[in-house]
Protein chains: 4
Amino acid sequence: MSPRPKNPPPDRRAEILDAALRLFAEKGYAEATNAEIAKEAGVTAAALYYYFPSKEELFRAAVRQHIGRFVPTLRALTAQAPADASGPEAVGMILRSALAFFTEEKTQLVLRIVLAEGPRRPEIRQIWIDQITGIFELLAPFVMNAIASGQIRPIDPRLIFVLLQGPMLSTVIIRDLLQVPALEGLTNDAVVDAVLETTLAGLRTDG
Amino acid sequence: MSPRPKNPPPDRRAEILDAALRLFAEKGYAEATNAEIAKEAGVTAAALYYYFPSKEELFRAAVRQHIGRFVPTLRALTAQAPADASGPEAVGMILRSALAFFTEEKTQLVLRIVLAEGPRRPEIRQIWIDQITGIFELLAPFVMNAIASGQIRPIDPRLIFVLLQGPMLSTVIIRDLLQVPALEGLTNDAVVDAVLETTLAGLRTDG
Amino acid sequence: MSPRPKNPPPDRRAEILDAALRLFAEKGYAEATNAEIAKEAGVTAAALYYYFPSKEELFRAAVRQHIGRFVPTLRALTAQAPADASGPEAVGMILRSALAFFTEEKTQLVLRIVLAEGPRRPEIRQIWIDQITGIFELLAPFVMNAIASGQIRPIDPRLIFVLLQGPMLSTVIIRDLLQVPALEGLTNDAVVDAVLETTLAGLRTDG
Amino acid sequence: MSPRPKNPPPDRRAEILDAALRLFAEKGYAEATNAEIAKEAGVTAAALYYYFPSKEELFRAAVRQHIGRFVPTLRALTAQAPADASGPEAVGMILRSALAFFTEEKTQLVLRIVLAEGPRRPEIRQIWIDQITGIFELLAPFVMNAIASGQIRPIDPRLIFVLLQGPMLSTVIIRDLLQVPALEGLTNDAVVDAVLETTLAGLRTDG
DNA sequence: CATGAATGAGAATTCATTCAT
DNA sequence: GATGAATGAATTCTCATTCAT
């Protein structure tokens, strides 16, 4: 009947978005019910409609909410990189940041959602495309430079992307998302280091 | 003897499983309805219950149906490999086969299902664990041999797995499943070759 | 030869349509709930969706069901009228039939619906337009003949329509629909006779 | 002294009643929402509850508001009629006034509401009964006089009412409310004149 | 006076499932 | 084997209404 007390100023909207993100990730869009999201957020199902026009919009807002922060963050990071960073150093920083971001709890939630709903929802897929493209565009110049300066072999940039970023995505999906025991305990740093020492080394022009 | 009937009795069960696999992949478990699956299979929804006790069981059967064939296939392939295959040759063959299998239409359907439903369904996740473990166990001996013989540097086998298989999984997810434009047109062979030439090269003990 | 079924199979569809017509008339479209219609028809609300795709379609079907029969009936009646029927006789017959039809229970239900929902639903309004136009087209030739033969004064056919049919519609709405006490007990025949003796008489060319 | 405020304080109550009348007429009681009425009136839904205790009461007030003015107006009109007005003249004036009133925009709104909700709401029906009875009581003396003086035939007053007022109600409903094309363009004056010249003529005792 | 925030009570609709035929 | 008919349980969404501010 009456609104609940509000000693601490509750940011209902944010609470709802948080609950929604978690439940959409855990159960999938269809099986996460309004009632459950509302309960987690400490409101009634009807209240969701005060803040969002539909479940669909709530879903979109929840996904956008967190993910929009990634590429800017990454861009900021690289922007403050020393201007004379050599290829490996810069690439290492990008990979490390990306993997750190993808290991964050909320990113994991978004990732689950993107993998589950992305293939059939253009707007969700687009979110992912934007991330991938963002990483791609950040990596490309460094790699191009390295090729131009003869540090690494000329190679299709798409392959470089796949070789460098693939192990990381794979780690996140297999180790974190599906929690396959075989990869348990593998650290982010170990993966990035291995990529730098091995894949990047394999790319070097060393006769 | 009587000739074969002109209209060979349709294998309803198989037709249902096929329709189910496709729809579960396309729409997800919750949003694929019995009615639609039945329609695609040319029967009524009630008929599904003649063949399967529940939607849940139909789902499991549809997923199991195809995926069970992978590891045996792979195992057979490697079994007939020349006993003296060097590391790179054997690894290349395994990677090529795995990527070929993951590119098959039905495998893509299963992959979508596993990524979407796996995180919250132990029995689906297990299917995936079995596949990964299968590849892992096939790769491991060759790599161990190569390490033992000093061909490649000693390194955590989990990292080798991530470095070698990561680019492939990444390719399938980004290029095929999410159809990110940046990877459009990248061929399986190009990826495998790049992994062999670069990552594997980077693993070599060459000073 | 074939034994008849013990329980004559209930025509669910018809039962639902009947219940729907009644409740839509009594409560209006918005306030007649599926649950109540279903209950009246002896089924569950879900069953409505087995027979009709939506409440909206059920509504349309219920209205169409009965009303479609009016104009054909009227047309048949006039068709079998004696070829030499004089104007007043034919007009009387048409008016009598129309009033009889509008006094039928089901027609009253439809009338309530048309008056309540017609102004804002084109397809419902059209139903009414068709009825009115039907009566109009049946009356017109007789009146035109009477004018041509000098029996009645030349006059705008729309006015004739309004003068002849108006008292009847008015009777139905005020006496039956709104049940205004002032008109209680007024019979159909009295109204038709009065129209014939008075209005029609007033139309005559007699100086 | 202070000059009048430039923005005279808006009469919220009246604005709300206006908006309510229009929306109740357009959409029906159930489908006109408080939110929409409030929006049209330039306030929030909660504000409605400052002026009216419930939607139901707002509805009643909106309907009463306008309609209450009719019979008094009519009564005033006839009161100032020349005492020696002959039947036809007086009747003509009454019919003309009534039709003019029923053609007013607001009356049309009320009419729609009365026809839609009247049959199931006693208090709304009563409003209508009062109008009808009002007209009836105004017409009656003139007709009685005309009968007494032998100007027109003796006839059931209810029939006179139906014959005289029916064409007008019919015009309003068919032409204005349901906007049936067949009556498009028919003027009020033409209808009243036709009633006077035809129906009233038919009532005359003229051998 | 008026509103923003919230809710409880329903509403239509969907769907897996059952069962007599 | 297979279906038509039907249902119960759930789900999204709407809306009149309330109340502290």
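Letters A, B, ... mirror the listed sequences (proteins, then strands); counts begin at 1. Hydrogens, waters and symmetry mates are skipped; everything else that's a heavy atom, side chains included, is used.
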Heavy-atom donor-acceptor pair, C:Lys55 side chain to C:Thr33 backbone, under 3.5 Å
no
Taking for B:Val43 and for C:Gly42 the nucleotide of DNA chain F with the nearest heavy atom, the one nearer the 5' end belongs to B:Val43
From the options F:dT12, E:dA12, F:dT7, select the nucleotide whose nearest atom is closest to the side chain of A:Thr33.
F:dT12
Comparing A:Ala45 with B:Ser54, nearest DNA chain E nucleotide closer to 5' gives the residue A:Ala45
Closest nucleotide among F:dT17, F:dA2, E:dT17 to the B:Arg12 side chain
F:dA2
Residue whose closest nucleotide on DNA chain E lies nearer the 5' end, C:Ala32 versus D:Thr44
D:Thr44
Sidechain N-carboxylate O distance under 4.0 Å for A:Arg22, A:Glu40:
yes
Give the ring-plane orientation class for A:Tyr29 versus A:Phe24, where under 30° counts as parallel, over 60° as perpendicular and anything between as tilted.
parallel
Would you say D:Val63 and D:Ile124 make side-chain contact, with heavy atoms under 4.5 Å?
yes
Starting at atom CD of D:Glu36, determine the distance to atom C1' of F:dA16, rounded to an integer number of angstrom.
14 Å
Whole angstrom is fine here: how far is it from CD in A:Glu56 over to C1' in F:dC13?
14 Å
Roughly how many Å is it from NZ in B:Lys27 to C1' in E:dC15, rounded to a whole number?
13 Å
Tell me which nucleotide among F:dT3, F:dT12, F:dT18 gets nearest to the side chain of A:Tyr49.
F:dT12
Do D:Glu36 and D:Glu26 have side-chain heavy atoms sitting under 4.5 Å apart?
no
Out of F:dA5, F:dT12, F:dT3, minimum distance to the side chain of B:Ala47 belongs to F:dT3
Whole-Å gap separating P (F:dT11) and CD (A:Glu31)
9 Å
D:Arg13 CZ to E:dA2 P: how many Å, rounded?
13 Å
Among the nucleotides E:dA16, E:dT7, E:dG4, which one has an atom lying closest to any side-chain atom of D:Ala46?
E:dG4
Whole angstrom value for the distance that separates P of F:dC15 from CG of D:Leu48:
14 Å
D:Tyr51 side chain near D:Leu17 side chain, heavy-atom distance below 4.5 Å
no
Would you indicate what A:Phe52 reaches in the nucleic acid, counting non-hydrogen atoms under 4.0 angstrom: base, sugar-phosphate, or nothing?
nothing
Taken to the nearest 0.5 Å, the spacing of D:Leu21 CG from D:Ile16 CD1 works out to 13.5 Å
Round to the nearest Å and state the distance from A:Asn34 atom CG to F:dT14 atom P.
11 Å
Base-pair string, DNA chain F, Watson-Crick plus G-U, cut-off 3.5 Å on both distances, | for inter-strand, is .||||||||||||||||||||
Within the structure shown, what part of the strands sits under 4.0 Å from B:Ala38 by heavy-atom distance: base, sugar-phosphate, or nothing?
nothing
Here the distance between atom P of F:dA16 and atom CD1 of D:Ile16, to the nearest Å, is 14 Å
Can you find a side chain N or O atom of B:Tyr51 that sits less than 4.0 Å from OP1 or OP2 on F:dA2?
yes
Is D:Glu56 salt-bridged to D:Arg121, cutoff N-O under 4.0 Å?
yes
